[in-house]
Amino acid sequence: SDDGLNATGVRRVTVNGREATYDATTKQWAVNGVQLSYGENTIVAVATDGATPAHEGRAELRITRQRIPAPEVTISNPLNGSVHSTSSLTVAGEVRTLSTETVTVTVNGQPAAVSGGRYTKVLALAEGSNAITVVATDSLGQTAQASVSILKDQTAPTVAFSSVPA
């Protein structure tokens, strides 16, 4: 604000060199889109009055933007290299993040149920080798991935006699 006997009032406010909107009635200013880098940032607001020459008031605010690491994801079921005779199985594991936002998990591109840091997804299996890829994505778009390869074998072994005594 610009108070006093000969005050001319605030005429302009800039934030980090960008023009801000200023409401003389409420004496509040606003600016959108101030970019913050990871690490320490300084935001400088400068108010200029209508005097000749103009007077400036300045305020600084230091903000540290922390980098939240990507989520971590593990697969606890099924085990890598395991053999299964069922047509489907439940893929399960854990997902961890420092973010307070929701983490989404997909299993082979299909959404999985996530609750309390654990995820599950019933997955249909094809005969033979099956690759399973789990991807966790946090609210910042950071991803983590875990994979296993399993085998579905529903073919019964064949038994034959090669030589039979007479």
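Using a distance-only test at 3.5 Å, with no hydrogens or angles considered, a donor-acceptor pair links the side chain of Thr21 to the main chain of Ala30. Under the 3.5 Å distance criterion, the side-chain polar atoms of Asn130 are matched with a main-chain donor or acceptor of Gly128. Judged by distance alone, the side chain of Arg12 and the main-chain N or O of Val46 form no donor-acceptor pair under 3.5 Å. The backbone N or O of Ala131 sits nowhere less than 3.5 Å from a side-chain atom of Ser149 that would complete a donor-acceptor pair.
Remark: the Arg62 side chain and the Thr42 side chain contain an N/O donor-acceptor pair separated by less than 3.5 Å. If you check the side chains of Ser147 and Thr133, you find a donor sitting under 3.5 Å from an acceptor.
Linking ILVMFWY side-chain heavy atoms closer than 4.5 Å, directly or via other members, places Tyr38 and Leu61 in two distinct hydrophobic clusters. Following chains of ILVMFWY side-chain contacts shorter than 4.5 Å, one cannot reach Val44 starting from Trp29, and the two form parts of different hydrophobic clusters. Both Tyr22 and Val34 are members of a single hydrophobic cluster when ILVMFWY side chains are connected at heavy-atom separations under 4.5 Å.
At most 12 heavy atoms of other shown residues, nucleotides or ligands fall within 6.0 angstrom of atom CG in Asn32. In Arg118, the CZ atom is not crowded: 12 or fewer heavy atoms of neighbouring residues, nucleotides or ligands sit closer than 6.0 Å. Counting non-hydrogen atoms of other residues, nucleotides and ligands closer than 6.0 Å to CD of Gln35 gives a total of 12 or fewer. Annotation: Gln154, atom CD; neighbour count of heavy atoms from other residues, nucleotides and ligands within 6.0 Å is above 12.
Residues Gly50 and Thr8 approach most closely at N-OG1, 2.9 Å, considering heavy atoms. Heavy-atom minimum distance, Gln142 versus Pro71: O-CD, 3.6 Å.
Rounding to the nearest 0.5 Å gives a distance of 12.5 Å between CG of Leu36 and CD of Gln66. Taking CG of Asp153 as the start and NE2 of His84 as the end, the distance is 11.5 Å to the nearest 0.5 Å. Taking NZ of Lys152 as the reference point, atom OG of Ser82 lies at 14.0 Å (rounded to 0.5 Å). Here CD1 of Ile68 is found 6.5 Å from OG1 of Thr97. Values are rounded to the nearest 0.5 Å. Here CG of Asp138 is found 14.0 Å from CZ of Arg96. Values are rounded to the nearest 0.5 Å. Distance CG/Leu98 to CZ/Arg67: 13.5 Å, rounded to 0.5 Å.
Side chains of His55 and Asp49 form a contact here, defined as non-hydrogen atoms less than 4.5 Å apart. The side-chain heavy atoms of Ile150 and Leu79, taken from C-beta on, include no pair separated by under 4.5 Å. Between Leu123 and Asn108, some side-chain heavy-atom pair lies under the 4.5 Å cut-off. In this structure, Pro78 and Val91 have side chains that are in contact, with non-hydrogen atoms separated by less than 4.5 Å. For the pair Val31/Glu19, no side-chain contact is recorded, criterion being any heavy-atom separation below 4.5 Å from C-beta on. Residues Val135 and Val73 have side chains not in contact (no heavy-atom distance under 4.5 Å, counting atoms from C-beta outward). Side-chain atoms of Glu94 and Ser76, non-hydrogen and from C-beta on, never get closer than 4.5 Å to each other. For the pair Val107 and Ile132, the minimum side-chain heavy-atom distance is below 4.5 Å.
We find that Arg58 and Glu56 are not joined by a salt bridge, their nearest charged nitrogen and carboxylate oxygen being 4.0 Å or further apart.
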Does the pair Tyr119 and Val134 meet the rule for a side-chain contact (heavy atoms from CB on, under 4.5 Å), with working shown? CA-CA 10 Å; Tyr119 68 87; Val134 177; 3.6 Å; yes

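Of the candidates Thr143, Val95, Val114, Thr137, Val103 forms a side chain to side chain contact (heavy atoms under 4.5 Å, CB included) with just one, namely Val95.
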